[in-house]
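Let me begin by presenting the structure, written as structure tokens, before commenting on it.
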Number of protein chains: 2
Amino acid sequence: MDKAVQQEIDQLHAEICQCLADPKRIAILYALSEGRKNVGELMETLDISRATASRHLKLLRDRSMVTTDRDGVTVYYSLVDHRVIEALDLLRGVLAQILVQRKALAEALE
Amino acid sequence: MDKAVQQEIDQLHAEICQCLADPKRIAILYALSEGRKNVGELMETLDISRATASRHLKLLRDRSMVTTDRDGVTVYYSLVDHRVIEALDLLRGVLAQILVQRKALAEALE
DNA sequence: TTATAATATACGTGCAAGCGTACATATGTA
DNA sequence: TACATATGTACGCTTGCACGTATATTATAA
């Protein structure tokens, strides 16, 4: 494949991945995987401020990871593609494996 | 689960995800998925400078996503867990879907 | 229209990331 | 030891991210 095209794909790919690269956004995505939620619910469940929640949601929406539908004055956010959660679960498995190995290393030191 | 524990897990989870949140690191990870490579090979294949390659590899190694083994003066990098590639592939699928939808939107404008 | 509730954004700040250049370290060889 | 090769790191710089606070915006109801 053309190198420039490959780089542009990697760039877009990285922008998707970057959506996952923040603990609060991870929490938001997992919360949304259980069904649509509005900003107030997310704010309360995840213990973050309104402004912070809004900003993270804006980023996720700008990158098409979530969609919105209004019900009166309330805006509900939903996950667009459940594969995002599958990917997060895979990476959580990777993390678990890493922690197990570190634990083994730590015990070998004793 | 305890909220503080959950937040710490999300933090570690995010650090793993952050490894994927850069186009050059994505290229590096895919390159390593084909087998171990040294810095020079990566630098040449991916068209990045030595220093840049070294720094990205250091980050990936610090977070246990890759391992190294020396052969004389040469350092070979390998992928630790192939699930990272599976996750990247899933997210690439998400990206493809997003681009298809955007294309449909663009065409609807004509 | 005025008030109020739910979201969204602008501003300023502090922090972390990424890069190029230049220097430093480590391994192997004459 | 002196030198060459492959890799790693420090510095300075610029850019982007995340946050709190305060201020819009949007939609409903009185």
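Quick caveat: nothing in here was measured; it's all calculated off a predicted structure. Just so it is clear: chains get the letters A, B, ... in the order the sequence lines come, proteins before strands, and each one is counted from 1.
Among the nucleotides C/dT7, C/dG18, D/dC19, the one closest to the side chain of A/Val75 is C/dT7. Residue A/Val73 has its side chain nearest to D/dA27 when only D/dA27, D/dG20, D/dG8 are considered. The B/Arg63 side chain lies nearest to C/dA17 when the options are C/dA6, C/dA8, C/dA17.
Within residues 13-24 of chain B, no residue approaches DNA chain D, by heavy-atom distance under 4.0 Å.
Atom CZ of A/Arg55 and atom P of C/dT13 are 16 Å apart (whole Å). If you measure from atom CD of A/Glu44 to atom C1' of C/dT7, you get 16 Å, rounded to the nearest angstrom. For B/Gln11 and C/dC15, the CD to C1' distance is 14 Å, given to the nearest whole Å. Here C/dA6 presents its C1' atom at 13 Å from CG of A/Leu42, a figure rounded to the nearest Å. Rounded to whole Å, atom C1' of C/dA5 lies 9 Å from atom CZ of A/Arg50. The nearest whole Å value for the distance from the OH atom in A/Tyr76 to the P atom in C/dA8 is 13 Å. When rounded to the nearest whole Å, the span between CG of A/Asp71 and P of D/dA29 equals 11 Å. Whole-Å rounding puts the B/Leu57 CG to C/dG18 P distance at 13 Å.
Side-chain atoms of B/Gln11 and B/Glu15 form a donor-acceptor pair, as typed in the model, at a separation below 3.5 Å.
Checked against side chain to side chain contact (heavy atoms under 4.5 Å, CB included), A/Val5 has the following partners two or more places apart in sequence or in another chain: A/Met1, A/Asp2, A/Ile9. By the salt bridge (Lys or Arg N to Asp or Glu O under 4.0 Å) test, A/Lys3 is found to be paired with no residue, residues two or more places apart in sequence or in another chain being considered.
Pairs passing the side-chain hydrogen bond (donor to acceptor under 3.5 Å, both in side chains) check and including a residue from residues 36-48 of chain A, sequence neighbours excluded, read A/Arg36-A/Asp69. Within the structure, every pair that satisfies the side-chain hydrogen bond (donor to acceptor under 3.5 Å, both in side chains) test and touches residues 72-89 of chain A, not counting sequence neighbours, is listed here: A/Tyr30-A/Asp89, A/Asp81-A/Arg83.
With the end axes of the helix from C/dT1-D/dA30 to C/dA30-D/dT1 each set by five pairs, the angle from one to the other reads 10° at 10° resolution.
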Should B/Leu60 and B/Arg25 be marked as a side chain to side chain contact (heavy atoms under 4.5 Å, CB included) after you check the CA-CA gap, both sets of side-chain angles, and the distance that decides it? CA-CA 8 Å; B/Leu60 292 172; B/Arg25 284 198 294 272; 4.0 Å; yes
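Residue-to-nucleotide proximity on DNA chain D shows that, of A/Ala51 and B/Arg70, the 5′-proximal contact is made by B/Arg70.
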